[in-house]
Protein chains: 2
Amino acid sequence: MAQIKIGLVEDQLLFREGIKAILEAHPDMEVIFESGDGYSVINSLQKCTTRPDVMLVDLSLPADGTKEYNGLNLTLGLQEHFPSIKVLILSMHADEYFIAQLIEEGAQGYLVKDSDPQEVIDAIWKIHTKGSYINERTLKAIQNKLGNKIKGKKLNETLTKREIEVLKLTCQQLTAEEIAERLFISVKTVNGHRNNLLQKTNSRNVTGLVLYAVKHNIVDIL
Amino acid sequence: MAQIKIGLVEDQLLFREGIKAILEAHPDMEVIFESGDGYSVINSLQKCTTRPDVMLVDLSLPADGTKEYNGLNLTLGLQEHFPSIKVLILSMHADEYFIAQLIEEGAQGYLVKDSDPQEVIDAIWKIHTKGSYINERTLKAIQNKLGNKIKGKKLNETLTKREIEVLKLTCQQLTAEEIAERLFISVKTVNGHRNNLLQKTNSRNVTGLVLYAVKHNIVDIL
DNA sequence: CTTAAAACAGGTATTTATACTTGATTTTAG
DNA sequence: CTAAAATCAAGTATAAATACCTGTTTTAAG
């Protein structure tokens, strides 16, 4: 069989180069595409003559000012423009919410960043030959989500635009009053959104909201 | 000159293996020691016959239940037990506070994880031959800290044990009252500590505290 | 096009966090 | 070993966040 052509989308250069070194040690794998951000990927790929078979995508890609562009968005975009490219998500955490959603949105696999290098090789191989790679963790996450849907528990509801706005501003240490001014709504409304956020994220107070935002890459730390 | 013997302390296996692959591509570098946590390093090294010349240490190492053991602690321990080993810190963020403190505590260099692989190679080489590696970012951090000391602005005061305890419990979404119960002190005292935390971290509210804790690896996300 | 559901906006009462002080105890430096 | 400084503890008054509820607008499905 021919070499597997691999694309890497990962902002941490050192990490990206590291994976590249690991992959290229295998004679049947070749890294033919690299990017440090998500938003330029689709465009760049359209200009390429040869396209990757498998894309390794970091879930927590940095956002540029105007557009959110994390691994989830990129997965959607790739699915739309290049449905033949398989996507393997790499993530910092085993985030059940995102795992299930990513698979739903078209990713073919999910791995945490502290996986064994051999597991990455295996995953790429299986995705390329069998079309997908699901490990126990991923399976569990999907089952959990399905389970909750059936139970109607809605453990991981999706946040609305407004809620995300409020959450982001909250993470900038603004008070409800200040957020109200910025969004031209009443303080009471802001608190309403915050209450919904608390419920949806299963948090007790702003602390939980901030941690949620950090975990889900809704805000950038630093 | 003989090969440079390198030790790696990094919890993310994939990242560790990646760096290893990059380093071992250089004929004059050899990885002779690896660890996924901080607390076992000193012990393991004492049993080794050959010890690394340079140790690459991840700043944000996971804590085991009883003891904190991040890159800072490990640097101190290495400095004490094996003063001849040079320490190069790898960190997620360019954290000015920690950069300065780490250099103070005995680290010979500091790099962010999105550095160019060549910079890591250079840094290791310079640390081994010249004894230290300071890039612009690190220098700036040190200057800032010194500058602030002179100005008396105390931008980055060190937190006390009690304050860190309160901060950690705060990050677990406990209210001041609950923290008071756990620590067997008054709610008023807890709030006192929180106020000191707000000042020392230049935060406006708990949001700032949580973000500070995340940035400084005082709490683990996930 | 209508209708149900979701999202948004706003309100009141209560709980919790923050600002600002003060005194006791423990550390640190000379 | 003492003096100064840092830390810990606690108090009052005020500002902000949270719990719970209601009506309006926007979206999506039939």
Side-chain angles (χ1 to χ4, degrees), chain A residues 101 104 148-149 152-213 218-219, chain B residues 97 101 104-105 148-213 218-219:
Chain A
Q101 187 153 355
E104 230 170 68
N148 287 325
K149 255 189 187 163
K153 256 198 155 183
K154 293 203 275 187
L155 200 87
N156 291 311
E157 294 185 72
T158 41
L159 306 182
T160 67
K161 262 189 182 178
R162 211 56 162 170
E163 284 164 354
I164 290 176
E165 273 184 289
V166 171
L167 180 53
K168 280 186 180 175
L169 293 172
T170 300
C171 288
Q172 284 165 35
Q173 303 191 50
L174 300 185
T175 65
E177 204 175 349
E178 291 166 330
I179 295 171
E181 278 174 35
R182 288 227 193 169
L183 301 180
F184 306 106
I185 55 179
S186 151
V187 191
K188 329 279 187 172
T189 307
V190 174
N191 282 324
H193 287 304
R194 277 198 179 170
N195 276 319
N196 292 335
L197 283 166
L198 290 175
Q199 286 195 308
K200 287 188 181 179
T201 62
N202 289 311
S203 303
R204 298 182 63 191
N205 46 41
V206 275
T207 298
L209 294 183
V210 175
L211 290 174
Y212 179 93
I218 291 167
V219 290
Chain B
Y97 170 58
Q101 188 154 354
E104 228 170 69
E105 306 292 14
N148 286 324
K149 255 189 185 163
I150 292 160
K151 280 187 217 152
K153 254 200 156 184
K154 294 201 275 187
L155 199 89
N156 290 310
E157 295 186 72
T158 41
L159 306 182
T160 68
K161 262 188 182 177
R162 210 56 161 171
E163 284 164 355
I164 289 176
E165 273 184 289
V166 171
L167 179 53
K168 281 187 179 175
L169 294 172
T170 301
C171 288
Q172 284 165 33
Q173 303 192 51
L174 301 185
T175 66
E177 204 175 349
E178 291 166 330
I179 295 171
E181 278 173 35
R182 287 227 195 166
L183 301 180
F184 305 106
I185 55 179
S186 153
V187 191
K188 329 281 185 171
T189 306
V190 174
N191 281 325
H193 288 305
R194 276 199 180 170
N195 276 319
N196 292 334
L197 284 165
L198 291 175
Q199 286 196 307
K200 287 189 180 179
T201 62
N202 288 311
S203 303
R204 296 183 65 191
N205 48 39
V206 276
T207 298
L209 294 184
V210 175
L211 290 174
Y212 180 93
I218 290 166
V219 289

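Values below: all heavy atoms of this structure, side chains included; hydrogens, waters and symmetry mates excluded. Chain letters run A, B, ... following the sequence lines, proteins first, then strands; residues in each count from 1.
- Under the rule for a salt bridge (charged side-chain N to carboxylate O under 4.0 Å, His left out), A/E177 has no partner lying at least two apart in sequence or in another chain.
- Close to C/dC8, at under 4.0 Å from its OP1 or OP2, lies a side-chain N or O of A/T160.
- Put simply, CG on A/L183 is 15 Å from C1' on C/dG10, counting in whole angstrom units.
- The nearest whole Å value for the distance from the NZ atom in B/K200 to the C1' atom in D/dC8 is 11 Å.
- Annotation for B/A213 and B/C171: closest pair CB-SG, 3.7 Å, computed over non-hydrogen atoms.
- Considering all non-hydrogen atoms of both residues, B/S203 and B/G208 come closest at OG-C, 3.3 Å.
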Assign a letter to each nucleotide of nucleotides 15-20 of chain D from its 5' end: B, base within under 4.0 Å of a protein heavy atom; S, sugar-phosphate only; -, no contact.
-SSBBB
Contact list (N/O, under 3.5 angstrom) for nucleotides 23-26 of chain D vs protein:
none

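- Following rounding to the nearest Å, B/E181 (CD) and C/dT16 (C1') show an atom-to-atom distance of 14 Å.
- Within the structure, no pair that satisfies the salt bridge (Lys or Arg N to Asp or Glu O under 4.0 Å) test touches residues 182-194 of chain A, not counting sequence neighbours.
- By the side chain to side chain contact (heavy atoms under 4.5 Å, CB included) test, A/T207 is found to be paired with A/N205, A/L211, B/T170, B/Q173, B/V206, B/V210, residues two or more places apart in sequence or in another chain being considered.
- Following rounding to the nearest Å, A/E163 (CD) and C/dA6 (P) show an atom-to-atom distance of 13 Å.
- Here the side chains of A/N195 and A/Q199 are not in contact, with every heavy-atom distance at 4.5 Å or above.
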Contact string for nucleotides 22-28 of chain C, one letter per nucleotide 5' to 3', B = base within protein heavy-atom range under 4.0 Å, S = sugar-phosphate only, - = neither, reads -------
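- Rounded to an integer number of Å, the gap from B/Q199 CD to C/dT21 P is 11 Å.
- The side chain to side chain contact (heavy atoms under 4.5 Å, CB included) search around B/L197 returns B/L159, B/E163, B/V166, B/L167, B/L209, not counting sequence neighbours.
- Here C/dA7 presents its P atom at 12 Å from CG of A/L197, a figure rounded to the nearest Å.
- In this structure, the side chain to side chain donor-acceptor pair (under 3.5 Å) partners of B/E165, at least two apart in sequence or on a different chain, are B/R162.
- A/E181 meets the side chain to side chain donor-acceptor pair (under 3.5 Å) test with no other residue; sequence neighbours excluded.
- Using a 4.5 Å heavy-atom threshold, the side chains of B/V187 and B/I179 count as separate.
- Projected onto DNA chain D by closest heavy-atom contact, B/K188 and B/K161 fall at different nucleotides, the more 5' of which corresponds to B/K161.
- Taking 4.0 angstrom as the limit, A/H193 places a side-chain polar atom (N or O) nearer than this to OP1 or OP2 of C/dA9.
- Rounding to the nearest 0.5 angstrom, the gap separating the OG1 atom in A/T201 from the CG atom in A/N196 is 10.5 Å.
- For A/E178, the salt bridge (charged side-chain N to carboxylate O under 4.0 Å, His left out) criterion is met by B/R204, not counting sequence neighbours.
- Partners of A/T189 according to the side chain to side chain donor-acceptor pair (under 3.5 Å) rule, which considers only residues two or more places apart in sequence or in another chain, do not exist here.
- In this structure, B/T189 does not reach the D/dA9 phosphate: none of its side-chain N or O atoms is under 4.0 Å from OP1 or OP2.
- Each end of the helix from C/dC1-D/dG30 to C/dG30-D/dC1 gets its own axis, taken as the rotation carrying the C1' atoms of four end pairs onto the next four within a five-pair window, and the two axes meet at 70° to the nearest 10 degrees.
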Derivation and outcome, side chain to side chain contact (heavy atoms under 4.5 Å, CB included), residues B/I218 and B/Y212:
CA-CA 8 Å; B/I218 290 166; B/Y212 180 93; 3.9 Å; yes
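- Between the CZ atom of A/R182 and the C1' atom of C/dA9 there is a distance of 20 Å, rounded to whole Å.
- The CG-P distance, from A/N196 to C/dA7, rounds to 9 Å in whole Å.
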